[in-house]
> 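Here it is, the structure, as structure tokens.
This structure is a prediction, so every number in the text was calculated from the model and none was measured. What's counted below: heavy atoms across the whole structure, side chains too, no hydrogens, waters or symmetry copies. Proteins come first, then strands; the chains are lettered A, B, ... in the order of their sequence lines, and each starts at number 1.
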Amino acid sequence: MAGVQEKFGVPPDRIIDYLTLMGDTVDNVPGVEKVGPKTAAKWIAEYGSLDGVIAAADKIKGAAGENLRKALDWLPMARKLVTVVLDCDLNGHVPQWPSLDALALRPVDEAGLQEFYKRNGFKTWLKELSAKAEAPVSEDMFAAAPVPAPDDTPRHYDTILDWALFDAWLAKLTAAELVAVDTETDSLDPMRAQIVGISFAVKAGEAAYIPLRHDGPDAPVQLPIDEVLAKLKPWLEDAAAAKLGQNLKYDTHVFANHGISLRGVQHDTMLQSYVLEAHKTHGLGALGERHLGRAGLSYEDLCGKGVHQIPFAQVDVARAAQYSGEDSEMCVALHEQLWPQIEREAGLTFVYRDIEMPTSALLARIERVGVLIDAPLLQAQSHELGQRLLALEQEAYEIAGQPFNLGSPKQIGEILFTKLGLPVVKKTATGAPSTDEEVLEKLSLDYPLPAKILETRGLAKLKSTYTDKLPLMINPATGRVHTNYAQAVAVTGRLSSNEPNLQNIPIRTAEGRRVREAFVAPPGHLIVSADYSQIELRIMAHISEDPGLLRAFGDGVDVHRATASEVFNTPLAEVTTEQRRYAKTINFGLIYGMGAFGLAQSLGIEQKAARDYIELYFNRFAGVKHYMDNTKARAAELGYVETLFGRRIYLPEIKGGNGPRKAGAERQSINAPMQGTAADLIKLAMIAVQTALDNEGKATRIVMQVHDELVFEVPQGELDWVKAEVPRLMAGVAQLKVPLLAEVGVGPNWDQAH
DNA sequence: TAAGTCACG
DNA sequence: ACGTACGTGACTTAT
């Protein structure tokens with residue numbers, strides 16, 4: 001999508017908003033299937049503009065073309081809508097459905113627009129509109145986004161194909177205060193990527209690319225990779241030589257694959273953007289558009305996509321130099337824009353320099369270490385699950401009176417609700433009868449089939465997602481599984497884990513827990529798990545300073561029991577299991593900003609009763625009530641909330657209109673400081689623990705992080721040290737008004753380490 | 001590619 | 001009248 005700006009005059013991420021909205025609109029035209037953003041983007045690329053697409057509608061083949069023609073009547077309205085949306089860039093979100101005045105619709109009659117909103121379910125909005133009571137849309141809501149002036153400084157990229165130029169650049173790198181680095185590779189898998197080329201930049205607009213393994217038809221003779229890397233190695237490994245880049249965790253892996261330990265990583269533009277604007281996208285192209293007014297070439301521009309995609313090594317060297325050099329050189333330009341914005345805020349500076357940067361380096365280590373998986377054990381479990389699934393399927397077919405696909409919610413719905421006539425409990429977002437766990441649970445009280453489906457679902461999930469897949473993720477070279485921790489995805493500051501996701505390994509059912517038995521320690525080692533106890537509730541106690549909550553944690557009593565004791569006005573020792581369960585649900589609900597409806601739902605009680613409990617709770621824990629009101633008010637005033645350490649979470653919709661979106665933003669404003677502070681704390685804990693391990697020369701290794709838990713692989717001889725020091729370090733990362741508590745477990749595998 | 005479902009904290 | 005508890009990633013089906 002590079003060049004989008006030139007072509008359409010708007011940045012790509014805003015194009016996506018535009019097209020998505022167009023798709024949504026088309027979706028609501030009777031008989032018209034949705035036109036997704038990708039399809040629409042393809043058309044636009046093909047026909048030059050949206051107008052071009054409309055003009056060429058007749059030429060578009062098949063159902064898509066038919067749909068488009070049907071949608072044409074609606075397009076003027078959709079286009080006007082999105083034009084307004086494009087002009088109001090409140091952090092890339094639609095802040096509020098625009099008023100009729102703002103739309104200034106000419107060709108579409110009011111009735112048609114009202115119909116549109118009705119179909120979209122914005123009846124509150126519609127009511128306001130028909131009462132003509134709506135205030136004009138405020139100006140700042142629709143203020144044009146400050147798109148930076150296109151950067152037309154001259155740019156020059158060297159392609160290094162001889163030693164003279166190489167030596168000149170190496171001298172330049174060595175002398176520079178800060179150098180941007182970017183590697184181009186033959187794989188997206190960081191553990192197996194091999195270098196195809198490297199680029200450097202010391203100032204905006206100027207870069208050098210060293211092609212090393214291009215083997216396309218016209219590839220020139222290149223400098224020998226081994227010699228180049230050997231000459232670069234001292235500088236790359238020099239901690240005093242400051243480096244900069246975009247997601248250097250990836251490049252750290254790439255260099256490690258060539259035996260080079262990248263040091264001196266001082267800045268990372270992806271993390272700078274994440275700290276400044278966690279809710280936006282952090283790709284280099286998007287950053288360029290937002291902050292520099294230029295996107296640069298995209299990977300797809302170079303390599304194509306889908307079946308036509310070519311390996312980077314096949315890319316023409318001149319184009320590769322343009323692409324890679326641009327990436328490096330743009331990092332320098334971005335750094336010059338972003339770093340000052342961070343530096344002038346003490347909180348953001350701490351989060352960036354003392355949390356995110358060290359975390360990035362540490363994550364690279366953790367990912368590289370990987371975790372040992374007992375593949376034969378999982379394969380045995382897969383086999384067993386397969387057998388049981390076969391039997392369950394037959395039983396289900398028997399009850400249904402016909403075979404059907406148990407993996408298809410649609411077919412299940414047909415059998416359950418059409419053929420067998422079971423009552424529809426609830427519907428999905430698209431109006432189809434839901435067959436999710438909650439529904440099947442309810443139905444299985446009265447009918448036999450839902451229970452079978454439920455059991456099948458559970459086992460099928462275990463097999464397909466865990467026992468079948470994890471063994472396939474083992475890296476043959478290391479014999480271990482190496483996840484990727486995404487550091488700039490979750491808006492609250494949490495990490496996320498992918499390929500494979502090691503943060504959602506089953507634990508809640510006995511069946512599922514068996515998967516954890518396959519996360520093992522090598523001979524002579526043990527798995528140690530250390531997790532923060534009730535961290536988010538403790539943070540709530542700290543922030544709210546509620547005396548009751550502070551006392552409960554200070555006394556070290558079971559907090560749910562203490563809550564129950566207060567809410568039910570019962571002596572601590574006489575709290576029943578049931579009362580404790582209620583209190584636990586309330587405590588969790590509060591962290592998420594739950595209302596009476598949600599509490600009633602999850603406890604299976606009347607909404608009125610739930611309301612009473614909440615009122616009772618807020619009477620007893622008035623500090624919590626104050627915190628929630630204050631954080632909402634503060635969020636509405638500032639447009640963001642903060643963690644204890646100053647990480648910001650923006651909530652653009654908290655100022656946008658009324659209704660569900662604002663309510664959603666308010667819940668986020670309550671939850672984000674707690675979830676985010678917990679994320680900050682565990683990152684600090686990881687850094688503290690790794691620092692101690694390094695200083696003490698220990699061989700213990702962090703192998704996983706699961707939000708409030710750290711998992712270690714510990715040589716037997718270091719067990720006592722780890723059991724004593726790790727919880728101490730975790731508890732000591734911050735002095736809150738309540739004690740932080742970390743609990744450790746030890747075992748031969750992850751299941752038994754709890 | 002979207003929808004539905006479900007695994008985790 | 002609406003939706004209703006936060007934050008993620010991945011799998012299967014169906015189009």
Side-chain angles (χ1 to χ4, degrees), chain A residues 23 27 33-39 63-64 118 120-127 278 405-413 426-440 453-454 457-458 460-466 468-469 473 483-486 489-509 511-513 515-516 531-532 534-536 585-586 588-602 607 610 649 658-661 663-676 678-679 682 705-709:
Chain A
D27 199 28
E33 295 296 315
K34 186 161 182 168
V35 178
K38 297 242 162 134
T39 310
K118 206 162 96 190
N120 279 280
F122 293 97
K123 297 203 172 151
T124 311
W125 183 89
L126 190 65
K127 204 163 78 185
N405 188 341
L406 279 151
S408 165
K410 196 176 163 206
Q411 292 187 30
I412 290 175
K426 68 170 178 184
K427 296 197 169 181
T428 66
T430 54
S434 169
T435 68
D436 70 12
E437 192 178 344
E438 189 196 326
V439 169
L440 295 181
I453 298 172
L454 222 37
R457 278 242 184 97
K461 177 91 175 183
L462 284 181
K463 184 169 187 289
S464 70
T465 308
Y466 302 104
D468 283 352
K469 292 289 151 51
M473 303 299 289
T483 186
N484 173 54
Y485 287 104
V489 168
V491 290
T492 53
R494 272 193 178 179
L495 300 178
S496 82
S497 156
N498 58 56
E499 281 183 283
N501 184 351
L502 296 185
Q503 294 180 322
N504 72 346
I505 305 301
I507 191 171
R508 292 172 188 168
T509 65
E511 209 69 75
R513 282 188 83 123
V515 174
R516 292 190 174 219
D531 66 299
Y532 278 119
Q534 305 294 354
I535 190 159
E536 292 188 11
T585 305
I586 295 172
F588 269 104
L590 287 166
I591 292 172
Y592 300 144
M594 181 170 63
F597 178 93
L599 183 62
Q601 184 97 353
S602 68
Q607 202 168 328
I649 298 105
N658 300 313
R661 296 180 87 96
E666 285 178 351
R667 291 194 296 272
Q668 287 173 12
S669 79
I670 289 169
N671 175 263
M674 295 186 268
Q675 190 179 120
I682 194 151
Q705 189 257 40
V706 193
H707 308 308
D708 63 357
E709 174 187 13

> Roughly how many Å is it from CG in A:N671 to P in C:dT4, rounded to a whole number?
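To the nearest whole Å, that distance equals 16 Å.
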
> Stepwise, does the side-chain contact (heavy atoms from CB on, under 4.5 Å) test hold for A:R513 with A:R508?
CA-CA 7 Å; A:R513 282 188 83 123; A:R508 292 172 188 168; over 6 Å; no

> Once pairs are restricted to Watson-Crick or G-U wobble with both distances under 3.5 Å, how does DNA chain B read as a dot-bracket string, [ ] for crossings and | for other-strand pairs?
|||||||||

> State which residues pass side chain to side chain contact (heavy atoms under 4.5 Å, CB included) with A:A278; sequence neighbours excluded, sorted by chain then number.
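Once residues adjacent in sequence are excluded, the partners of A:A278 under the side chain to side chain contact (heavy atoms under 4.5 Å, CB included) criterion are A:Y274.
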
> Identify, with sequence neighbours excluded, every residue that meets side chain to side chain contact (heavy atoms under 4.5 Å, CB included) alongside A:I591.
A:E536, A:L537, A:N671, A:M674

> Using atom CG of A:N405 as one end and atom P of C:dC11 as the other, report the distance to the nearest whole Å.
17 Å

> Could you check how far NZ of A:K427 sits from P of C:dT4, rounded to whole Å?
16 Å

> Which value, in whole Å, describes the distance between the P atoms of nucleotides B:dA3 and C:dG3?
16 Å

> With sequence neighbours excluded, give me every salt bridge (charged side-chain N to carboxylate O under 4.0 Å, His left out) pair touching residues 590-600 of chain A.
none

> Rounded off to whole Å, could you give me the CD1-to-P distance for the A:I412 and B:dA3 pair?
19 Å

> What's A:D531 touching, base or sugar-phosphate or nothing? Going by heavy atoms closer than 4.0 Å.
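Contact class for A:D531: none.
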
> In whole Å, what is the span from the CD1 atom of A:I670 to the P atom of C:dG7?
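Going from CD1 in A:I670 over to P in C:dG7 covers 12 Å.
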
> What's the CG-C1' distance between A:L599 and C:dG3, to the nearest Å?
17 Å

> Using a 4.0 Å heavy-atom cut-off, does A:G589 contact any base of the nucleic acid, only the sugar-phosphate backbone, or nothing at all?
base

> For nucleotides 4-9 of chain B, give me one character per nucleotide, 5' to 3': B if any protein heavy atom sits under 4.0 Å from the base, S if the only such contacts are to the sugar-phosphate, - if neither.
SSBBBB

> Please give the distance between the C1' atoms of B:dC6 and C:dC2 as a whole number of Å.
26 Å

> Side chain of A:R667: nearest nucleotide among C:dT8, C:dT12, C:dC6?
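It is C:dC6.
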
> Does A:E438 have any salt bridge (Lys or Arg N to Asp or Glu O under 4.0 Å) partners at least two apart in sequence or in another chain, and if so, which?
A:K426

> Not counting sequence neighbours, which residues clear side chain to side chain contact (heavy atoms under 4.5 Å, CB included) with A:S408? List them please.
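So A:S408 forms a side chain to side chain contact (heavy atoms under 4.5 Å, CB included) with A:N405, A:K410, A:Q411.
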
> For A:P500, what residues pass the side chain to side chain contact (heavy atoms under 4.5 Å, CB included) criterion, not counting sequence neighbours?
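A:P500: side chain to side chain contact (heavy atoms under 4.5 Å, CB included) contacts with A:L470, A:M473, A:V481, A:T483, A:L502.
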
> Within the structure, does a side-chain N or O atom of A:S408 lie under 4.0 Å from either OP1 or OP2 of C:dA14?
yes

> If only side-chain N and O atoms of A:Q601 are considered, is one of them under 4.0 Å from the OP1 or OP2 phosphate oxygen of C:dA5?
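No, no such contact exists.
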
> Does a donor on one side chain sit under 3.5 Å from an acceptor on the other, for A:Q607 and A:Q601?
no

> For A:M473 and C:dG9, give me the distance from atom CE to atom P, rounded to whole Å.
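Answer to the nearest Å: 14 Å.
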
> Quick one: do A:I682 and A:H707 satisfy side-chain contact (heavy atoms from CB on, under 4.5 Å)? Show the steps, please.
CA-CA 7 Å; A:I682 194 151; A:H707 308 308; over 6 Å; no

> Grab the CZ-C1' distance between A:F597 and C:dA1 for me, whole Å please.
14 Å

> Under the salt bridge (Lys or Arg N to Asp or Glu O under 4.0 Å) rule, collect the residues that match up with A:K463, sequence neighbours excluded.
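Per chain and number, A:K463 pairs via salt bridge (Lys or Arg N to Asp or Glu O under 4.0 Å) with A:D468.
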
> Remember a base hit wins even if backbone is also touched, and classify A:Q411 as base, sugar-phosphate or nothing at under 4.0 Å, heavy atoms.
sugar-phosphate

